[in-house]
J.: 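Pasting a structure here, questions to come.
Nothing here was measured: the structure is a model prediction, and the numbers come from that model.
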Amino acid sequence: SAAMQRLRDLVRRVGPTGAGVVVTGPSGAGRTLTACAIHAASGDAASPPLRIDLRDAAAWARLDGATGTAILRHPGRLDEIAQERLLDLLPPTLRCIAIADDPAALVPALRRRIATVEVPVPPLHERGDDAVLLARHFARVAAERFGRPPARLSAAAEAVVGATDWPDQVRGLALAIERAVLLSDDGTIDTAALALPAPLSTTTPTPDSSTTGATFDLTDAERLMIEAALREHRHNVTHAAAALGLSRGALYRRMTRHGL
């Protein structure tokens, strides 16, 4: 996707510079992978980076005399005193790649030291068809890992993957695909095998003005899911309902609701 191409271009640009970088974006979107890619594009790529979760006080001792590159997780979750202490502990020759929710949470001096450049990782819903490409990749990897036959996502399943707003981002999608690979019998992953974050309900949801956006997204995803299942099963409602994990009558009600 264009969003990921921009991210790749930024990684290639800042990786070789040695500047402090802060990687932002939603948890599960690939922040650690991006931090590792920045390190891989640097002159220090031959040596593994030092990885430190700053929420673990015992891990701070590893900073003493450290050289090369350090990937620092969650500096923005430290209070101001702890951030000042961290700044004092960082060796001047150590390159820092931080992973943070919000660079604004860093005190100015620490931000200058470890966050000269911000590299934002886009959420999965901004990556277009990348979600389907990732799902195919995770299916292939999971089949190899668990000794299962090569797995293929059905057209309906791919439509659902692309239309779903996945909790926990890419990490959540990977978990759902791994589970589906284990549950599929013939190597085909259909919608019934996916552990959807917002499964189809057997009753019509009551609109809530406080969650209008979420309701629209769910309704849109449900319509796309039903359309894909009907296409895949050549508009055989019984077979499409089974693939969706619904009764025939429940599927008819949803088809009427969506004008299908």
J.: Are any of the side-chain heavy atoms of Gln83 and Leu87 separated by less than 4.5 Å?
T.: no
J.: I'd like to check Leu124 versus Arg171 (side-chain heavy atoms, cut-off strictly below 4.5 Å). Are they in contact?
T.: no
J.: Please step through side chain to side chain contact (heavy atoms under 4.5 Å, CB included) for the pair Thr17 and Arg95, ending with a clear verdict.
T.: CA-CA 10 Å; Thr17 66; Arg95 184 192 192 179; 3.9 Å; yes
J.: Applying salt bridge (Lys or Arg N to Asp or Glu O under 4.0 Å) to Asp79 and Arg85, what does each step give before you reach the verdict?
T.: CA-CA 10 Å; Asp79 60 33; Arg85 176 169 169 259; over 6 Å; no
J.: If you apply the rule salt bridge (Lys or Arg N to Asp or Glu O under 4.0 Å), what do you find for Arg6 with Asp9, and how did you get there?
T.: CA-CA 5 Å; Arg6 288 192 294 270; Asp9 290 342; over 6 Å; no
J.: Is there a side-chain contact between Val22 and Arg111 (heavy atoms, below 4.5 Å)?
T.: no
J.: Compare all side-chain heavy atoms of Leu86 with those of Leu63 and state whether any distance is below 4.5 angstrom.
T.: yes
J.: For the residue pair Arg73 and Thr32, confirm or rule out a side-chain donor-acceptor distance under 3.5 Å.
T.: yes
J.: Are the side chains of Ile177 and Leu134 in touch, meaning some heavy atoms are under 4.5 Å apart?
T.: no
J.: Is it true that Asp101 and Arg31 have a side-chain N and a carboxylate O under 4.0 angstrom from each other?
T.: yes
J.: Check the pair Arg145 / Val181 against side chain to side chain contact (heavy atoms under 4.5 Å, CB included), numbers first and verdict last.
T.: CA-CA 10 Å; Arg145 175 185 174 190; Val181 168; over 6 Å; no
J.: Quick one: does Ser154's side chain get under 4.5 Å of His233's, heavy atoms only?
T.: no
J.: Can you find a pair of side-chain heavy atoms, one from Val121 and one from Gln169, that are under 4.5 Å apart?
T.: no
J.: Look only at the side chain of Asp130 and the backbone of Ser1, and say whether a donor-acceptor pair between them is shorter than 3.5 Å.
T.: yes
J.: Check whether any side-chain heavy atom of Met4 sits under 4.5 Å from a side-chain heavy atom of Pro122, and report yes or no.
T.: yes
J.: Between Thr164 and Val161 (side chain of the first, backbone of the second, donor and acceptor by atom type, cut-off under 3.5 Å), is there such a pair?
T.: no
